[in-house]
Amino acid sequence: MMNKTEGPAVRARGLTVVRGKRTVLDGLDFDVPRGQVTGLLGPSGCGKSTLMRAIAGTQAQVTGSLDVLGGPAGSASLRSRVGYCTQAPSVYDDLTVRQNLDYFAAVLRLRARGTVDRVLADVDLADHADSLAGNLSGGQRSRVSLATALLGAPELLVLDEPTVGLDPVLRRDLWDLFHRLARGTAGDGTGGTTLLISSHVMDEAERCDRLLLMRSGRVLADDTPAALHDRTGTGTVEAAFLRLVEAANDMEAPR
């Protein structure tokens, strides 16, 4: 097995997911480079969440090739190396924020106190550590879920729309955290974390090192924001995405 600094964090070749009669992911080929923030963007229903579940190893009916950190997605050896945060908060409402994190730290066999304090500070919830999770706002509950994903300083973080419902200041602070994690300057400094972050908000694309733009189960583009601007002659990722959609529609139109 390749070591943690070799090759891409995620490599997909011919990745396909079929649900019933619908092809949700249609033969995807892409790489996610290590130590960067890669944005996964596209409209709701384009297959982003299915792709993230496949990478996290929780998606059924996956065909093609999908390697994560040098091994097959879903391998037992990846459980402590991949952090996954779903759109729906994964917290116990009858426990406090700290008790939730203490529980998940125990599952991961971590030294709870220092680790929990670190992730509480990372997601700006230290002042709510003793609040019941069930009494928190939706945005705060989402941050508890993010904190659980940060436990153990995983090598790969897969975050499904982590900024939905958050105010602009907190969104900015979380994106600052994501880049500090990628640089290795957050938390315990073990760093070089790879982040794959989904969003349907195009202005967040400009904050990413690299982008995967999706539409209808396919990858429209796999490039840096600057390269997409140059390629499409546009000034924003949203305009570039629309230009790429128009080009794809032209190619698919009957002659």
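For the numbers below, each heavy atom of this structure counts, side chains included, while hydrogens, waters and symmetry mates do not. Note that this is a predicted model, so its numbers are computed, not measured.
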Q.
Is there a side-chain contact between Leu242 and Thr234 in this structure, where contact means two heavy atoms from C-beta onward sitting under 4.5 Å apart?
A. no
Q.
Once salt bridge (Lys or Arg N to Asp or Glu O under 4.0 Å) is applied, do any residues pair with Asp31, and if so which ones, sequence neighbours excluded?
A. Arg11, Arg13
Q: Considering non-hydrogen atoms only, spot the tightest contact between Thr194 and Ala9 and give its length.
A: CG2-CB, 3.7 Å
Q. Please walk me through it: do Leu25 and Thr16 pass side-chain contact (heavy atoms from CB on, under 4.5 Å)?
A. CA-CA 5 Å; Leu25 301 179; Thr16 299; 5.6 Å; no
Q) Out of curiosity, does Val164 fall in the hydrophobic cluster containing Val37 (side-chain heavy atoms, cut-off under 4.5 Å, transitive links)? A) no
Q) Which heavy atom in Val237 sits nearest to a heavy atom in Pro225, and how many Å separate them? A) CG2-CB, 4.2 Å
Q.
Just by distance, no angles: are the side chains of Asp130 and Thr96 close enough, under 3.5 Å, to form a donor-acceptor pair?
A. no
Q: Please lay out, stage by stage, how Met52 and Glu161 fare under the test side-chain contact (heavy atoms from CB on, under 4.5 Å).
A: CA-CA 11 Å; Met52 300 189 114; Glu161 305 214 6; over 6 Å; no
Q: Consider only side-chain heavy atoms of I, L, V, M, F, W and Y, link residues closer than 4.5 Å, and tell whether Leu159 and Leu174 are in one cluster.
A: yes
Q: Answer yes or no: does atom CG of Asp167 have more than 12 heavy-atom neighbours from other residues, nucleotides or ligands under 6.0 Å?
A: yes
Q: Nearest 0.5 Å please: distance from the CE atom of Met202 over to the CG atom of Leu211.
A: 9.0 Å
Q | Gap separating the CZ atom of Arg172 from the CG atom of Leu177, nearest 0.5 angstrom | A | 13.0 Å
Q: Could you state whether Val245 and Leu40 fall into the same hydrophobic cluster, counting links through intermediate Ile, Leu, Val, Met, Phe, Trp or Tyr residues with side-chain heavy atoms under 4.5 angstrom apart?
A: no
(Q) Quick one: does any side-chain atom of Ser199 pair with a main-chain N or O of Val201 as donor and acceptor, under 3.5 Å? (A) yes
Q. Side chain of Lys48, backbone of Ile197: donor and acceptor closer than 3.5 Å?
A. no
Q. Is there a side-chain contact between Thr86 and Arg53 (heavy atoms, below 4.5 Å)?
A. no
Q. Under 3.5 Å, is there a donor-acceptor pair between the Thr115 and Arg118 side chains?
A. no
Q) Once you round to the nearest 0.5 Å, how far does CZ of Phe241 lie from CE of Met214? A) 10.0 Å
**Q.** Same apolar cluster: Val18 and Leu66, side chain cutoff 4.5 Å
**A.** no
Q: Supply the atom-to-atom distance Leu146 CG to Asp124 CG, rounded to the nearest 0.5 angstrom.
A: 11.5 Å
Q | Worked check of side-chain contact (heavy atoms from CB on, under 4.5 Å) between Arg34 and Leu69 | A | CA-CA 9 Å; Arg34 294 178 186 251; Leu69 300 176; 3.7 Å; yes
Q) Which atom pair, heavy atoms only, marks the closest approach of Arg141 to Gly134? A) NH1-CA, 4.2 Å
Q. Run the salt bridge (charged side-chain N to carboxylate O under 4.0 Å, His left out) check on Arg171 and Asp203 step by step: do they pass?
A. CA-CA 12 Å; Arg171 284 177 60 201; Asp203 66 358; 3.3 Å; yes
Q: Verify, without hydrogens or angle tests, whether Arg215 (side chain) and Gly42 (backbone) share a donor-acceptor contact under 3.5 angstrom.
A: no
(Q) Using 0.5 Å steps for rounding, measure from the CG atom of Leu212 to the CG atom of Leu41. (A) 9.0 Å
(Q) When you measure from the side chain of Asp160 to the backbone of Cys85, do you find a donor-acceptor pair of N or O atoms at a distance under 3.5 Å? (A) no
(Q) So which atom in Gly71 and which in Leu78 form the shortest heavy-atom distance, rounded to 0.1 Å? (A) O-CD1, 4.4 Å
Q: Evaluate the side-chain contact (heavy atoms from CB on, under 4.5 Å) criterion for residues Ser131 and Leu136: first the C-alpha distance (whole Å), next the side-chain angles of each, then the deciding distance (0.1 Å), finally the verdict.
A: CA-CA 7 Å; Ser131 300; Leu136 300 177; 4.0 Å; yes
Q: Measure across Ala133 and Val91 and return the closest heavy-atom pair with its distance rounded to 0.1 Å.
A: CB-CG2, 4.2 Å
Q | Test item: Leu228 and Leu244 side chains (from C-beta on) under 4.5 Å apart, heavy atoms | A | yes
Q: Report the relative orientation of the aromatic rings in Tyr92 and Phe104; use parallel for angles under 30°, tilted for 30 to 60°, perpendicular for over 60°.
A: parallel
Q: If a pair satisfies salt bridge (charged side-chain N to carboxylate O under 4.0 Å, His left out) and one of its residues is in residues 57-70, list it, with sequence neighbours excluded.
A: none
Q. How close do Ala149 and Leu157 get, heavy atom to heavy atom, and via which atoms?
A. O-CD2, 3.5 Å
Q: Run through Leu15, Val17, Asp222 and flag the one making a side chain to side chain contact (heavy atoms under 4.5 Å, CB included) with Leu28.
A: Leu15
(Q) Ring-plane angle category for Trp175 and Phe178, please: parallel below 30°, perpendicular beyond 60°, tilted otherwise. (A) perpendicular
Q.
When you group the ILVMFWY residues by side-chain heavy-atom contacts below 4.5 Å and let the links chain together, are Leu125 and Tyr103 in the same group?
A. yes
**Q.** Note, Thr148 side chain near Leu101 side chain (heavy atom, < 4.5 Å)
**A.** yes
Q.
Within a 6.0 Å radius of atom CD on Gln61, are there more than 12 heavy atoms belonging to other residues, nucleotides or ligands?
A. no
Q) Given side chains that start at C-beta, do those of Phe30 and Leu51 come closer than 4.5 Å, heavy atoms only? A) yes
Q.
Nearest 0.5 Å, please: how far is CG in Asn135 from CG in Asp94?
A. 11.0 Å
(Q) How about CD on Gln99, more than 12 heavy atoms from neighbouring residues, nucleotides or ligands closer than 6.0 Å, or not? (A) yes
